[in-house]
Amino acid sequence: DQKGVVTSVVGDTEKIFGVSPGELISDLGVWDRFIPARDLRSLLLLVRNGIENRQELQEEIRVVNQQTKEIRRLLIRG
């Protein structure tokens, strides 16, 4: 949603994020766990600008798998 809360999940969250779908939805600080801090700040600015200017967001972000600590790239759109 607009506040960054995950409301639904499609796909293999354990492979990408290293957590179950339920953990992803129930954690209010979920993005702090998966996205490096500097990347998260940049992403939040892009989201805010997109909302204010009614522009589509398409960005590749880095996410950290919580089990393996592997960094993966993920394309997000909104």
Side-chain angles (χ1 to χ4, degrees):
D1 71 6
Q2 288 185 355
K3 295 178 184 174
V5 176
V6 178
T7 58
S8 65
V9 176
V10 175
D12 190 348
T13 62
E14 292 192 20
K15 183 176 181 180
I16 297 170
F17 299 107
V19 298
S20 70
E23 289 176 272
L24 197 64
I25 291 173
S26 65
D27 185 353
L28 294 176
V30 69
W31 301 117
D32 293 329
R33 291 177 52 197
F34 302 115
I35 302 175
R38 189 173 70 201
D39 293 4
L40 183 56
R41 284 191 298 272
S42 297
L43 178 59
L44 291 174
L45 285 173
L46 288 171
V47 169
R48 283 188 200 116
N49 288 336
I51 290 169
E52 289 173 7
N53 299 315
R54 300 186 135 209
Q55 294 177 320
E56 183 177 300
L57 170 68
Q58 181 172 322
E59 188 70 20
E60 186 175 280
I61 61 170
R62 296 182 303 157
V63 294
V64 180
N65 183 295
Q66 296 302 292
Q67 291 178 2
T68 65
K69 301 304 179 196
E70 175 186 11
I71 296 176
R72 302 183 69 149
R73 296 199 175 272
L74 182 68
L75 178 63
I76 60 170
R77 296 180 70 180

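With a 4.5 Å cut-off between side-chain heavy atoms of Ile, Leu, Val, Met, Phe, Trp and Tyr, the cluster of L75 takes in none.
Cluster annotation: V6 and L44 are assigned to the same hydrophobic cluster (Ile/Leu/Val/Met/Phe/Trp/Tyr, side-chain heavy-atom contacts under 4.5 Å, transitive).
Rounding to the nearest 0.5 angstrom, the gap separating the CD atom in E52 from the CD atom in Q55 is 10.5 Å. Atoms CG and CD, from L46 and E59 in turn, are 5.0 Å apart once rounded to the nearest 0.5 Å. Taken to the nearest 0.5 Å, the CG atom of L43 stands 12.0 Å off from the CZ atom of R62. Atom CD1 of I35 and atom CD1 of I76 lie 6.5 Å apart (nearest 0.5 Å). The line from CG of L40 to CZ of R38 is 12.5 Å long, rounded to the nearest 0.5 Å.
F34 is listed as a side-chain neighbour of L24, based on a closest heavy-atom distance under 4.5 Å. The side-chain heavy atoms of I51 and R48, taken from C-beta on, include no pair separated by under 4.5 Å.
The nearest pair of heavy atoms linking Q66 to K69 is O-NZ, 3.3 Å.
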Table please: side-chain donor-acceptor pairs of residues 11-20 below 3.5 Å, with sequence neighbours left out.
| from | atom 1 | to | atom 2 | distance (Å) |
| --- | --- | --- | --- | --- |
| D12 | OD1 | E14 | N | 3.3 |
| D12 | OD1 | K15 | N | 3.1 |
| T13 | OG1 | V19 | O | 2.8 |
| S20 | OG | E23 | N | 3.3 |
| S20 | OG | E23 | OE1 | 3.2 |

